[in-house]
Amino acid sequence: MITQDAAPGADFEEHRPRMFGIAYRMLGSAAEAEDTVQDAWLRWSSADREDVEHPGAWLAKAVTRLCLNRLTSARARREEYVGPWLPEPVLTGNGVLGPLESAEQRDSVSMALLLLLEQLTPVERAVYVLREAFAYGHREIAGLLDLTEANCRQLYRRAAGRVAAGRAAGPRPRFAPDPAQWQSLVETFLTAARDGDLARLEGLLTADVQYVSDGGGIVGAARRPILGADKVARFLVGALRKYVAGLPISFAEVNGEPGLIVGGAAVLQMEIEDGLVRGVRTVVNPEKLEFLRRQLSHS
């Protein structure tokens, strides 16, 4: 038990990283995750804390419930979104989303998984995130969501099955290259694109490569995914010449995986399979890059 006289900020700040990590995985948006944590603070600061025995559990429940409310309205906004929707990129080398020491932990914040989680219902997503990313037991999850333990188990099985089916159907890499291998391949890729060497660039792409760009209708970006080595190569050569020429490019860990940051104006990630690029995702929507730019300014 904690007393009403205890400073509410100390307990809250202790659990802030986990709250932000839950909210980001639930929403796929750093900005909305920050807003959700702030809403949780308002609830916490006005709550009767004499009855709160475990602040961490109370705050996790508050954040999860707030995320469920946000997801309901987010679905309607996504339907009106201009062009492909991608999660907001986050620099993860500083632990902002929690420990990412294992492959499973890194996968829990990957762009690929966050996109798959969009296919789940809000409650399925909550159960899956709490179980997979934070290792909550089904009994704990039941308490956080006001569900029965049996219901939570059923929701988890359904969510895990849908995620597994999505992985099997989608372009997933068969292995994760180490950062040095990834950087070497990407440098070769960028050189070929900058030089306009279409033959060399196509040789670095799988035949079924897919390029997806999220501009949100705010900046120029492909409104639909581009498919096939020839089309993707031609698009990338034109895009690099038009938008990237002269901008600094740096390598960083983005959502637990290697990524490229282009002058703070774009974030690019590639999926590698057998030494070839099978997928390219680019976020250029400036609103989705605000959190990452703040991270860069503090690094």
Side-chain angles (χ1 to χ4, degrees), residues 84 86-94 100 103 106-107 109-113 115 170-215 219-222 225-286 288-289 292-293 295-297 299:
L86 292 174
E88 288 184 21
V90 173
L91 296 176
T92 49
N94 62 356
L100 300 179
R106 290 191 294 275
D107 183 64
V109 295
S110 69
M111 289 277 188
L113 180 66
L115 284 170
R172 290 291 297 169
R174 293 183 187 133
F175 68 94
D178 67 42
Q181 291 175 322
W182 188 93
Q183 183 168 335
S184 177
L185 175 60
V186 171
E187 286 174 345
T188 304
F189 175 94
L190 289 173
T191 299
R194 284 169 167 164
D195 293 346
D197 190 340
L198 287 172
R200 188 180 185 194
L201 186 56
E202 285 185 45
L204 297 170
L205 307 174
T206 64
D208 60 349
V209 63
Q210 180 182 79
Y211 174 89
V212 179
S213 182
D214 180 343
V219 298
I226 299 172
L227 306 174
D230 176 66
K231 291 181 180 179
V232 170
R234 291 181 183 279
F235 178 86
L236 285 170
V237 166
L240 261 66
R241 285 177 175 171
K242 185 174 181 180
Y243 300 110
V244 179
L247 292 177
I249 298 178
S250 59
F251 293 86
E253 182 184 298
V254 179
N255 287 73
E257 298 175 329
L260 283 175
I261 300 174
V262 184
V267 172
L268 182 148
Q269 282 192 314
M270 298 182 189
E271 289 187 355
I272 310 299
E273 180 182 274
D274 296 337
L276 297 176
V277 177
R278 183 170 181 177
V280 182
R281 297 189 184 94
T282 307
V283 178
V284 292
N285 182 342
K288 289 191 171 185
L289 297 174
L292 183 139
R293 282 196 292 265
Q295 288 183 293
L296 289 172
S297 68
S299 62

Atom [atom1] of [X] and atom [atom2] of [Y]: how far apart are they, to the nearest 0.5 Å?
X: Arg281; Y: Leu86; atom1: CZ; atom2: CG; result: 7.0 Å
X: Glu257; Y: Glu271; atom1: CD; atom2: CD; result: 7.0 Å
X: Leu91; Y: Leu292; atom1: CG; atom2: CG; result: 4.0 Å
X: Ile272; Y: Thr206; atom1: CD1; atom2: OG1; result: 9.5 Å
X: Glu202; Y: Asp197; atom1: CD; atom2: CG; result: 10.0 Å

task = Only pairs at least two apart or in different chains count here, so list each side-chain hydrogen bond (donor to acceptor under 3.5 Å, both in side chains) that has a residue in residues 243-256.
result = Tyr24-Asn255, Thr92-Glu253
inquiry  = Just to verify, what does Arg241 make a side chain to side chain contact (heavy atoms under 4.5 Å, CB included) with, not counting sequence neighbours?
reply    = Val237
Candidates Leu115, Val212, Thr282 - the one meeting side-chain contact (heavy atoms from CB on, under 4.5 Å) with Pro84 = Val212
inquiry  = I need the full list of ring-ring contact (aromatic ring centres under 6.0 Å, His included) pairs touching residues 266-285, with sequence neighbours left out, sorted by first then second residue.
reply    = none
query = Which word best sums up how the rings of Tyr211 and Phe235 line up, parallel for under 30°, tilted for 30 to 60°, or perpendicular for over 60°?
reply = tilted
Which heavy atom in [X] sits nearest to a heavy atom in [Y], and how many Å separate them?
X: Val277; Y: Val209; value: O-CG2, 3.6 Å
X: Leu100; Y: Gly256; value: CD1-CA, 4.2 Å
X: Gly203; Y: Leu276; value: O-CD2, 3.3 Å
X: Ala193; Y: Leu240; value: CB-CD2, 3.4 Å
X: Ile261; Y: Ala252; value: CD1-CB, 3.8 Å
X: Arg293; Y: Pro286; value: NH2-O, 3.0 Å

Does [X] reach the main-chain N or O of [Y] with its side chain, forming a donor-acceptor pair under 3.5 Å?
X: Thr188; Y: Ser184; result: yes
X: Thr191; Y: Glu187; result: yes
X: Gln269; Y: Val254; result: yes

Do [X] and [Y] come close enough that some side-chain heavy atom pair is under 4.5 Å?
X: Met111; Y: Pro89; value: yes
X: Val90; Y: Val109; value: no
X: Leu190; Y: Leu260; value: yes

request  = Check salt bridge (Lys or Arg N to Asp or Glu O under 4.0 Å) between Asp208 and all other residues, then give those that pass, not counting sequence neighbours.
outcome  = Arg278
message = Going by the rule salt bridge (Lys or Arg N to Asp or Glu O under 4.0 Å), which residues pair with Asp230 if we only count those two or more places apart in sequence or in a different chain?
response = Arg234
inquiry  = Which residues pass the side chain to side chain donor-acceptor pair (under 3.5 Å) test with Arg194, not counting sequence neighbours?
reply    = none
